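These notes concern the structure reproduced below.
Remember, predicted model here, so these are calculated numbers, not experimental data. Heavy atoms only: backbone and side chains are in, while hydrogens, waters and symmetry mates are out.
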Amino acid sequence: RSLTISCGAALYLARLGLRLQGFDSTIEMAPALEGPTLELAHIHTKRGLPVSAEEIVLEHAARQRHMQRGPFEPIPVEDETVDALRDAVQDEGGWVRMLQTPQEQVGLAVLLSRADEAEQQEEGYREEVATWTSRPPDTGDGLPPEAVAAAALPRPSSLRLRDFTDNPDELHVVPDDDVPPPAEHPLVAVIGTDADTRFDWLLAGQAMCALLLHASVGGVQ
């Protein structure tokens, strides 16, 4: 499911790339995952309207955005940006629920904690994380050291944050001062689909990518 969702994000970027060349696209699901190549979808194109200013802005966001692993700032996301994120997901056929208060996030916090504990016990998980956080700089993928260092800072958050350090049982270094780090209460966007098929996984990935790009346009990571 996760791999297919990632492919859905790539599919959204492919569609955006086609629009930047003036082509509209329709997606046809591949009939089955079999044979020497694993096909998920076919993209059909036709000449469309001229490129819009919004699409050019999204292209810039796609080239510049990256995941933010450091502390969340105590600044609420503007209502206009929240509305744009919701519209971006719905335009891709998904739905989104914005959880803006700690009270709304209690159930999600429990799920994230359970998921993290399950992953930590999965054979090979720590090795995979170590590989992903030590990629050569010229590959252009993985997590750079500065992002791992930012994620390892002591952070009182209302949600369980993923641990990218080599030893999850090792205590993080606490700054030698009397000022505790501020509590983090980030805005959470939960994306969903009406069903749980391969098509819905691809749809979720496209909706996620659309949300991330529109977030970047709104100055949010």
Side-chain angles (χ1 to χ4, degrees), residues 1-12 33 40 65-73 77 82 85-86 88-89 92-135 141-145 147-172 181-213 215 220-221:
R1 180 187 282 106
S2 295
L3 288 172
T4 306
I5 289 173
S6 297
C7 291
L11 182 58
Y12 179 90
L33 288 174
L40 288 172
R65 72 154 301 278
H66 60 87
M67 200 62 72
Q68 203 283 114
R69 301 289 180 185
F72 292 96
E73 295 182 357
V77 180
V82 173
L85 302 184
R86 184 178 289 108
V89 171
E92 295 301 316
W95 55 261
V96 63
R97 172 79 183 274
M98 300 293 182
L99 307 180
Q100 297 181 285
T101 67
Q103 291 75 22
E104 292 176 313
Q105 297 172 7
V106 170
L108 178 63
V110 174
L111 290 175
L112 288 176
S113 182
R114 289 180 178 176
D116 187 66
E117 291 171 1
E119 281 190 323
Q120 296 293 348
Q121 298 172 8
E122 186 78 16
E123 183 179 358
Y125 173 74
R126 297 308 309 177
E127 290 79 2
E128 184 176 348
V129 170
T131 300
W132 192 239
T133 55
S134 58
R135 298 283 288 152
D141 60 14
L143 280 178
V148 177
L153 292 172
R155 297 171 58 184
S157 175
S158 54
L159 296 173
R160 181 77 163 258
L161 302 174
R162 181 172 291 181
D163 191 338
F164 293 100
T165 56
D166 292 335
N167 185 0
D169 298 323
E170 184 177 310
L171 292 177
H172 296 306
E184 299 178 27
H185 304 293
L187 169 68
V188 177
V190 179
I191 297 173
T193 55
D194 292 334
D196 193 29
T197 65
R198 276 195 304 127
F199 174 81
D200 293 283
W201 302 346
L202 281 177
L203 186 152
Q206 293 174 89
M208 178 187 68
C209 190
L211 181 143
L212 292 175
L213 294 193
V220 178
Q221 289 180 301

(request) Would you indicate whether the side-chain heavy atoms of Leu187 and Val82 approach each other to under 4.5 Å? (result) yes
(message) If I compare all heavy atoms of Gln100 with all of Gln105, which pair ends up nearest, and what's the gap?
(response) C-NE2, 4.2 Å
(request) Provide the closest heavy-atom pair for Val77 versus Val220 in the form atom of the first, atom of the second, distance. (result) CG1-CG2, 4.1 Å
(message) Suppose we screen for side chain to side chain donor-acceptor pair (under 3.5 Å). Which residues come up paired with Arg135, at least two apart in sequence or across chains?
(response) Asp141
(message) Between Ser113 (side chain only) and Ala109 (backbone N and O only), is there a donor and an acceptor less than 3.5 Å apart?
(response) no
(request) Taking all heavy atoms of Glu104 and all of Met98, pick out the closest pair and write down the distance. (result) OE1-O, 4.2 Å
(message) If you compare all heavy atoms of Arg1 against all heavy atoms of Asp196, which two are closest, and at what distance to 0.1 Å?
(response) NH2-OD2, 2.7 Å
(request) Dump the intermediate steps for side-chain contact (heavy atoms from CB on, under 4.5 Å) on Leu202 and Arg198, then the final yes or no. (result) CA-CA 6 Å; Leu202 281 177; Arg198 276 195 304 127; 6.0 Å; no
(request) Compare every heavy atom of Cys209 with every heavy atom of Ala9, then report the nearest pair and how far apart it is. (result) O-SG, 3.7 Å
(request) State, to 0.1 Å, how close Phe72 and Glu184 come at their nearest heavy-atom pair, and which atoms those are. (result) CD1-OE1, 3.0 Å
(request) Give the C-alpha distance, both sets of side-chain angles, the deciding distance and a yes or no for side-chain contact (heavy atoms from CB on, under 4.5 Å) between Leu108 and Val188. (result) CA-CA 9 Å; Leu108 178 63; Val188 177; 3.4 Å; yes
(message) Tell me whether Leu3 at atom CG has more than 12 heavy atoms from other residues, nucleotides or ligands lying less than 6.0 Å away.
(response) no
(request) Please round to the nearest 0.5 Å and tell me the distance separating atom CG of Leu11 and atom CD of Gln206. (result) 4.0 Å
(request) Rounded to the nearest 0.5 Å, what's the gap from CD1 on Ile191 to CH2 on Trp95? Could you check? (result) 9.5 Å
(request) To the nearest 0.5 Å, tell me how far Glu117 CD sits from Glu122 CD. (result) 14.0 Å
(message) Working to the nearest 0.5 angstrom, can you tell me the gap between Glu92 CD and Leu211 CG?
(response) 11.0 Å
(message) Take a 6.0 Å sphere around CD of Glu128 and say whether it holds more than 12 heavy atoms from other residues, nucleotides or ligands.
(response) no
(message) Run the side chain to side chain donor-acceptor pair (under 3.5 Å) test against Arg97 and tell me which residues pass, sequence neighbours left out.
(response) none
(message) Distance check, rounded to the nearest 0.5 Å: Thr4 atom OG1 versus Leu203 atom CG?
(response) 13.0 Å
(message) Tell me every residue that passes side-chain contact (heavy atoms from CB on, under 4.5 Å) with Glu73, counting only those two or more places apart in sequence or in another chain.
(response) Ile75
(message) The criterion is side-chain contact (heavy atoms from CB on, under 4.5 Å); which residues satisfy it with Leu212, sequence neighbours excluded?
(response) Arg65, Met208
(request) Could you list the residues that satisfy side chain to side chain donor-acceptor pair (under 3.5 Å) with Thr197, not counting sequence neighbours? (result) Asp200
(request) Please identify each residue that fulfils side chain to side chain donor-acceptor pair (under 3.5 Å) with Asp116, with sequence neighbours left out. (result) Arg160
